[in-house]
Novice: 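To start, I am sharing the structure in question, which I have written as structure tokens.
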2 protein chains.
Amino acid sequence: MAKYPKIPEATIRRLSNYLKCLENLENKNEKVASSASLASICNVNAAQVRKDFAYFGEFGIRGMGYNVKELKNNIKEILGINREWRIAVVGIGNMGSALLVYKDFLKQNYRIVAAFDIDPVKVIGNISERMGRPVEILHIDRLKEVVAARKIEIGIITTPPQEAQKVADLLVNANIKGILNFSPAPVRAPDNIKVRNLFFTSALDNLVYYLTN
Amino acid sequence: MAKYPKIPEATIRRLSNYLKCLENLENKNEKVASSASLASICNVNAAQVRKDFAYFGEFGIRGMGYNVKELKNNIKEILGINREWRIAVVGIGNMGSALLVYKDFLKQNYRIVAAFDIDPVKVIGNISERMGRPVEILHIDRLKEVVAARKIEIGIITTPPQEAQKVADLLVNANIKGILNFSPAPVRAPDNIKVRNLFFTSALDNLVYYLTN
DNA sequence: TATTGTGAAGCCTTTCACAGCA
DNA sequence: TGCTGTGAAAGGCTTCACAATA
């Protein structure tokens, strides 16, 4: 732990973005990117780009720029995503089902290795089977057992909002390390568990604010 | 426009969060919330909460706190979401279909009034029909016409990443005002169009960074 | 008395400007 | 020459501490 000195949170957020942009450049067969070109793609200042990287090392070549592939790998290592992360999805409705087959997770080494619902039989009949059922849907009662057996570290919540906190508690009890909550009700967990609440409406709210003001 | 003075971007982001927390409190029949209680739920400093609101007016009662319902309405007005916003979803795969029936959008006055795909016939046979088809799936060629006819202001992109920029260009051409991109490829648009790229993996990347470091 | 609203201080982040280097 | 890496300056945000007040 504490592999790096104190890094601005905003820098960490931007790293993910740089990564997506670099993958894009790689797909276009671009080998090199300058801080200026990355900055323009990501809507930030070029000095910001250089400073963000400089927290972690000297990744660039003066007079040249950054090697796209190398920089990509460096960012992955910084973020800790240069290895597989095993994930459980809880709540296999429409959104949960969509995530089970979401292609970008696979590409990024995020592996959904278990799926849970309160009513797996119904779910299989309704949605998941039609999507090719990438993982078996299990009853929520088996959460703790399966999280341990399959070495799952992250839980994604895609239940209705009324169930979200209950599921979060179950995940904590199952010794999960981190929770990503897609349901529209904020969930809490003890301080040693990292929680991210991702509200779809927040992205729209933000957009709308800047459209209005 | 410019209804308010210069507000920190972070404040706008937090307002959405306060709103979700207030809705939660309202569901629990809480009538009043103090800056301290909101702060603890939202993991911010109490002075921060008060300052965030103070940019826009005096919403609280000294010695008492904030009236949950009033504060909720004030935030909605600030964000500009105290009216209906009409939305088109482009790309009706698993994620697009899930958004078409996403309940929290309805609750928040976000109305998906059109859905587009390159192959509406196939989509209807595959996914959307099974979800009760809340809106008719139209061919992407009709985008511009339908955006105008239905007074659509926001476009959501849920296509595969290779198509995302093309769709963004079509939305711009259709005189959309804002774009929310759910595909994992960043899209760009002229400065007068507001764009938000929402990458699911970014939320995981962030979580993983703090799990690792 | 309890809690808001807020000026001022402190801290953190961004940007500038240029030295350093391939 | 051109672009990175970085110290210093500028700017912005958060927190403190307390006056205001229901």
Side-chain angles (χ1 to χ4, degrees), chain A residues 2 4-18 21-22 25 30-75 78 206 209-210 213, chain B residues 2 4-18 21-22 25 30-75 78 206 209-210 213:
Chain A
Y4 302 111
K6 181 72 178 54
I7 310 292
E9 254 191 76
T11 293
I12 302 306
R13 257 202 310 277
R14 283 189 296 266
L15 286 180
S16 263
N17 273 292
Y18 298 142
C21 293
L22 289 166
L25 291 173
E30 305 273 351
K31 302 295 182 206
V32 177
S34 67
S35 60
S37 68
L38 270 177
S40 112
I41 299 175
C42 298
N43 292 310
V44 294
N45 178 292
Q48 181 81 82
V49 173
R50 296 196 294 276
K51 188 136 275 190
D52 281 340
F53 298 151
Y55 284 113
F56 304 98
E58 304 205 354
F59 300 149
I61 301 166
R62 289 166 198 232
M64 278 273 280
Y66 300 88
N67 177 303
V68 169
K69 195 170 179 174
E70 272 177 31
L71 183 56
K72 206 191 68 173
N73 289 332
N74 279 315
I75 295 177
I78 293 164
N206 195 282
Y209 175 83
Y210 290 104
N213 294 284
Chain B
Y4 302 111
K6 180 72 178 56
I7 311 292
E9 254 189 77
T11 292
I12 302 306
R13 257 202 310 275
R14 282 189 297 265
L15 287 180
S16 264
N17 273 292
Y18 299 141
C21 294
L22 290 166
L25 291 173
E30 306 274 351
K31 301 295 182 207
V32 177
S34 67
S35 60
S37 68
L38 270 177
S40 110
I41 300 175
C42 297
N43 292 310
V44 294
N45 179 292
Q48 180 80 81
V49 173
R50 296 196 295 276
K51 189 136 276 191
D52 281 341
F53 298 150
Y55 284 114
F56 305 98
E58 305 205 354
F59 300 148
I61 300 165
R62 291 168 198 229
M64 277 274 281
Y66 300 87
N67 177 302
V68 168
K69 196 170 179 175
E70 272 178 31
L71 184 56
K72 206 192 68 174
N73 289 332
N74 278 315
I75 295 177
I78 293 164
N206 196 282
Y209 175 83
Y210 289 104
N213 293 284

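Sequence lines set the chain letters: A, B, ... in the order given, protein chains first and strands last, and positions in each chain run from 1. Because the structure is predicted, anything quoted here is derived from the model rather than measured.
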Novice: What orientation do Phe53(A) and Phe59(A) show, parallel under 30°, tilted 30 to 60°, or perpendicular over 60°?
Specialist: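 Tilted, since the angle between the ring planes falls between 30° and 60°.
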
Novice: Please compare Asp52(A) and Arg50(B) by the position of their nearest nucleotide in DNA chain C and report the one closer to 5'.
Specialist: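 Result: Arg50(B).
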
Novice: Are more than 12 heavy atoms from other residues, nucleotides or ligands located less than 6.0 Å from atom CD of Glu9(B)?
Specialist: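 At most 12 heavy atoms, drawn from other residues, nucleotides or ligands, come within 6.0 Å of this atom.
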
Novice: Applying side-chain contact (heavy atoms from CB on, under 4.5 Å), can you list everything that pairs with Asn67(B), at least two apart in sequence or on another chain?
Specialist: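 side-chain contact (heavy atoms from CB on, under 4.5 Å) check on Asn67(B) returns Lys69(B), Glu70(B).
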
Novice: Where does the chain A footprint on DNA chain C start and end, counting 5' to 3' with a 4.0 Å heavy-atom cut-off?
Specialist: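 Counting from the 5' end, contacts occupy dT13(C) to dA22(C).
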
Novice: State which residues pass salt bridge (charged side-chain N to carboxylate O under 4.0 Å, His left out) with Arg14(A); sequence neighbours excluded, sorted by chain then number.
Specialist: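 Only Asp52(A) meet the salt bridge (charged side-chain N to carboxylate O under 4.0 Å, His left out) criterion with Arg14(A).
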
Novice: Can you measure from CG (Asn213(A)) to NZ (Lys6(B)) and round to the nearest 0.5 angstrom?
Specialist: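 The distance works out to 12.0 Å.
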
Novice: Tell me, please, the opening and closing nucleotides of DNA chain D, 5' to 3', among those with an atom under 4.0 angstrom from a non-hydrogen atom of chain B.
Specialist: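 Here the contact window of chain B covers dC13(D) to dA22(D).
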
Novice: Would you say the side chain of Leu22(A) lies within less than 4.5 Å of the side chain of Leu38(A), judging by non-hydrogen atoms?
Specialist: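 The answer is yes, as the side chains (C-beta and beyond) meet within the 4.5 Å cut-off.
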
Novice: So do Ile41(B) and Leu25(B) actually touch side chain to side chain, heavy atoms under 4.5 Å?
Specialist: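 A side-chain contact under 4.5 Å exists here.
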
Novice: In chain order, what residues pass the side-chain contact (heavy atoms from CB on, under 4.5 Å) check against Ile12(B), with sequence neighbours excluded?
Specialist: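 Checked Ile12(B) against side-chain contact (heavy atoms from CB on, under 4.5 Å); matches are Asn206(A), Tyr209(A), Tyr210(A), Ile7(B), Leu15(B), Phe56(B), Leu79(B).
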
Novice: What is the nucleic acid contact for Ala10(A), judged by heavy atoms within less than 4.0 Å: base, sugar-phosphate only, or nothing?
Specialist: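 Sugar-phosphate, backbone atoms only, no base.
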
Novice: Any non-hydrogen side-chain atom of Tyr66(A) less than 4.5 Å from a side-chain atom of Lys72(A)?
Specialist: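 No, their side chains stay 4.5 Å or more apart.
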
Novice: Can you name the nearest heavy-atom pair linking Cys21(B) to Cys42(B), along with the distance?
Specialist: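 Closest approach of Cys21(B) to Cys42(B): SG-SG, 3.2 Å.
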
Novice: Under 4.0 Å, heavy atom to any atom of DNA chain D: which of residues 54-70 of chain B qualify?
Specialist: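 Within residues 54-70 of chain B, the residues near DNA chain D are Ile61(B), Arg62(B).
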
